[in-house]
Protein chains: 2
Amino acid sequence: MSVTSERQTAKRAQILKGAMAVFLRLGYAGTSMDRVATEAGVSKQTIYSHFQDKEGLFRSLIEGETLARFEAVFQLDPHQVDPETLLRRLAQIYFTQVVDNSQYVPLLRIVIGESERFPELARLFTETVAQRGKKLLCEYFRHHPELSIRDPEAIAQIFFGSMVSWVILQKMLYGEASFDLSRDRVVNQLIDLIVGHSGNRSYSD
Amino acid sequence: MSVTSERQTAKRAQILKGAMAVFLRLGYAGTSMDRVATEAGVSKQTIYSHFQDKEGLFRSLIEGETLARFEAVFQLDPHQVDPETLLRRLAQIYFTQVVDNSQYVPLLRIVIGESERFPELARLFTETVAQRGKKLLCEYFRHHPELSIRDPEAIAQIFFGSMVSWVILQKMLYGEASFDLSRDRVVNQLIDLIVGHSGNRSYSD
DNA sequence: GTCTATACCCTGATAGAC
DNA sequence: GTCTATCAGGGTATAGAC
């Protein structure tokens with residue numbers, strides 16, 4: 001039975017891998033089960049023996065991607081680090097560990113695009129991904145009153161929201177074709193605004 | 001001929017109105033031409049006599065919505081207004097004239113969701129909508145060196161990006177269910193950061 | 001559990017009457 | 001230009017052999 005179980009989970013992973021390639025490229029409605037079967041290298045009936053239907057497959061896929069990808073992100077200890085270093089490190093983690101992953105942009109696109117058909121996936125995404133860094137930053141602000149941050153949650157929204165909207169505008173909506181603006185400039189100005197330093201270093205230092 | 005032409009444009013507008021209701025709710029692939037015909041109150045063949053195919057209808061719809069909706073936005077004269085008033089007025093225009101329109105969130109969602117299949121629509125959207133306010137704000141910063149804005153474009157990205165990402169998180173991805181954060185708090189903190197005032201007024205004052 | 005073959009519906013697009 | 005009727009193809013999901 002353990003062998004059978006291993007085979008099952010292997011097939012399941014194989015199906016999910018193929019499904020991810022198709023769903024993230026073509027969206028939910030644009031994806032056919034035939035195409036998933038071909039991409040995964042299994043027959044259609046095999047998919048239906050592991051997942052109830054197309055919706056169930058899609059939910060399992062997005063849920064798994066959301067939870068697996070971001071559970072190890074933003075785990076740093078914020079104490080005993082100066083503010084500029086913390087903000088720069090958070091930006092670095094977001095850009096190098098999240099944005100530079102080739103599946104982040106398509107995943108964000110499909111979560112947004114299908115957020116009306118699958119609202120619970122959208123909520124899962126916001127709760128696991130968006131709130132994580134925000135809570136860490138808010139806690140830091142509350143323990144550092146010398147920064148005189150009036151509204152930590154609003155500042156956290158500004159900090160992460162500026163970076164996310166940069167990704168959407170530049171990478172998702174092809175804004176870089178008509179408007180060149182590097183990550184570093186946004187991060188430097190954010191740090192300049194929040195902690196009042198000049199902020200000329202790169203986020204990747 | 002003028003009567004015929006009027007009838008044509010009336011039918012065309014009728015089709016586009018029905019198409020908008022369906023496309024914005026179900027996405028491109030999720031929309032069927034049968035459903036558009038029913039919603040618009042015309043037959044399917046009538047649609048095909050006005051538009052080449054499904055793609056052509058979709059492109060006309062999104063292009064028209066993008067151009068018509070935002071051509072009158074951000075037309076204010078920025079000169080001889082103090083910085084806080086300008087930023088607060090820009091935020092007010094964005095939230096009341098853009099976000100509060102019931103079609104903005106679905107339109108933004110579908111432009112993002114279909115940005116891989118229709119990249120030229122995504123570029124049109126960024127160029128007409130996103131860049132308009134940004135350019136106005138940048139020009140203002142350049143004419144007001146007393147604000148000592150080092151990187152106007154980056155600050156403009158932070159200003160508008162924070163508001164757009166607030167809409168995406170709170171309204172599109174249902175973040176308001178787990179995280180309450182009002183517009184006013186974000187706008188007040190943005191103004192506080194950029195012009196250094198306390199910012200306790202409402203954006204709608 | 002996995003495959004081939006198939007049922008049945010709905011899709012985009014068109015033909016022809018008026 | 002607008003409608004009804006229809007075509008060919010692809011959609012999800014399932015039946016039955018092994």
Side-chain angles (χ1 to χ4, degrees), chain A residues 1-62 110 113-114 116-118 121, chain B residues 1-64 110 113-114 116-118 121:
Chain A
M1 179 199 170
S2 82
V3 174
T4 307
S5 181
E6 284 169 13
R7 279 186 193 152
Q8 281 180 12
T9 54
K11 276 283 178 187
R12 190 186 159 92
Q14 184 181 344
I15 293 168
L16 285 172
K17 187 180 174 186
M20 182 162 63
V22 184
F23 275 119
L24 292 194
R25 195 169 68 248
L26 302 175
Y28 176 77
T31 293
S32 75
M33 297 298 266
D34 275 306
R35 197 149 187 172
V36 172
T38 303
E39 188 88 12
V42 300
S43 78
K44 222 172 12 170
Q45 182 59 29
T46 302
I47 300 176
Y48 280 98
S49 74
H50 284 267
F51 301 92
Q52 194 181 11
D53 53 14
K54 188 182 174 182
E55 274 200 27
L57 172 61
F58 183 71
R59 278 185 225 274
S60 296
L61 172 70
I62 302 299
I110 206 170
E114 307 294 344
E116 196 175 23
R117 201 195 292 255
F118 299 96
L121 293 180
Chain B
M1 178 197 169
S2 82
V3 174
T4 308
S5 181
E6 283 169 15
R7 278 186 193 151
Q8 281 181 10
T9 53
K11 275 283 179 189
R12 190 186 159 93
Q14 185 182 345
I15 293 168
L16 285 172
K17 187 180 173 187
M20 183 163 61
V22 185
F23 275 120
L24 293 194
R25 194 169 70 247
L26 302 175
Y28 177 76
T31 294
S32 74
M33 297 296 267
D34 276 305
R35 197 148 187 173
V36 172
T38 303
E39 188 87 13
V42 300
S43 78
K44 218 165 26 162
Q45 182 59 28
T46 302
I47 300 177
Y48 281 99
S49 75
H50 284 268
F51 301 92
Q52 194 181 12
D53 53 14
K54 187 181 175 183
E55 272 200 29
L57 172 62
F58 183 71
R59 278 185 225 275
S60 297
L61 172 70
I62 302 299
E63 272 183 33
I110 205 169
E114 306 294 345
E116 197 176 21
R117 199 195 293 253
F118 299 95
L121 293 180

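Convention: sequence-line order gives letters A, B, ...; per-chain numbering from 1.
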*Between D:dC3 atom P and B:Met33 atom CE, what is the distance in whole Å?*
14 Å

*Scan residues 20-32 of chain A against DNA chain D and write down, sorted by residue number, each residue with any heavy atom closer than 4.0 Å; if none is found, say none.*
A:Thr31, A:Ser32

*Expressed in angstrom and rounded to an integer, what is the separation of A:Arg12 atom CZ from C:dG1 atom P?*
12 Å

_Just to verify, what does A:Glu55 make a side-chain contact (heavy atoms from CB on, under 4.5 Å) with, not counting sequence neighbours?_
A:Tyr28, A:Asp53, A:Arg59, A:Phe118

*Quickly work out the B:Ile47 CD1 to D:dT4 C1' distance and round it to whole Å.*
15 Å

*Minimum side-chain heavy-atom gap B:Arg12-B:Ser60 below 4.5 Å*: yes

_Protein-nucleotide distance (B:Glu55, atom CD; C:dT11, atom C1'), rounded to Å_ = 15 Å

*asked:* Tell me whether the count of non-hydrogen atoms from other residues, nucleotides or ligands lying under 6.0 Å of CZ in B:Arg35 goes above 12.
replied: no

*Do other residues, nucleotides or ligands put more than 12 heavy atoms under 6.0 Å from the CZ atom of A:Arg117?*
yes

*Considering only heavy atoms, which members of residues 34-43 of chain A lie under 4.0 Å from some atom of DNA chain C?*
A:Val42, A:Ser43

*asked:* Could you go through B:Phe51 and B:Leu61, starting from their C-alpha distance and side-chain angles, then the distance that decides it, and tell me whether this counts as side-chain contact (heavy atoms from CB on, under 4.5 Å)?
replied: CA-CA 11 Å; B:Phe51 301 92; B:Leu61 172 70; over 6 Å; no

*asked:* Can you give me the closest heavy-atom contact between B:Leu24 and A:Glu116, atom names plus distance?
replied: O-OE1, 4.0 Å

*First locate atom NZ of B:Lys44, then atom CD1 of B:Ile15, and finally report the distance between them rounded to the nearest 0.5 Å.*
13.5 Å

*Please identify each residue that fulfils side-chain contact (heavy atoms from CB on, under 4.5 Å) with B:Thr31, with sequence neighbours left out.*
B:Val22, B:Phe23, B:Leu26, B:Val36

*Between C1' of D:dG11 and CG of A:Asp53, the distance in whole Å*: 14 Å

*With rounding to the nearest 0.5 Å, note down the distance linking CG in B:Leu121 to CD in B:Glu114.*
9.5 Å

*With A:Thr38 via side-chain contact (heavy atoms from CB on, under 4.5 Å) - residues at least two apart*: none

Please list, pair by pair, any protein nitrogen or oxygen found under 3.5 Å from a nitrogen or oxygen in nucleotides 14-16 of chain C.
none

*CZ of A:Phe51 versus C1' of D:dA13: gap in Å, rounded?*
16 Å

*Roughly how far, to the nearest 0.5 Å, is the NZ atom of B:Lys17 from the CE atom of B:Met20?*
8.0 Å

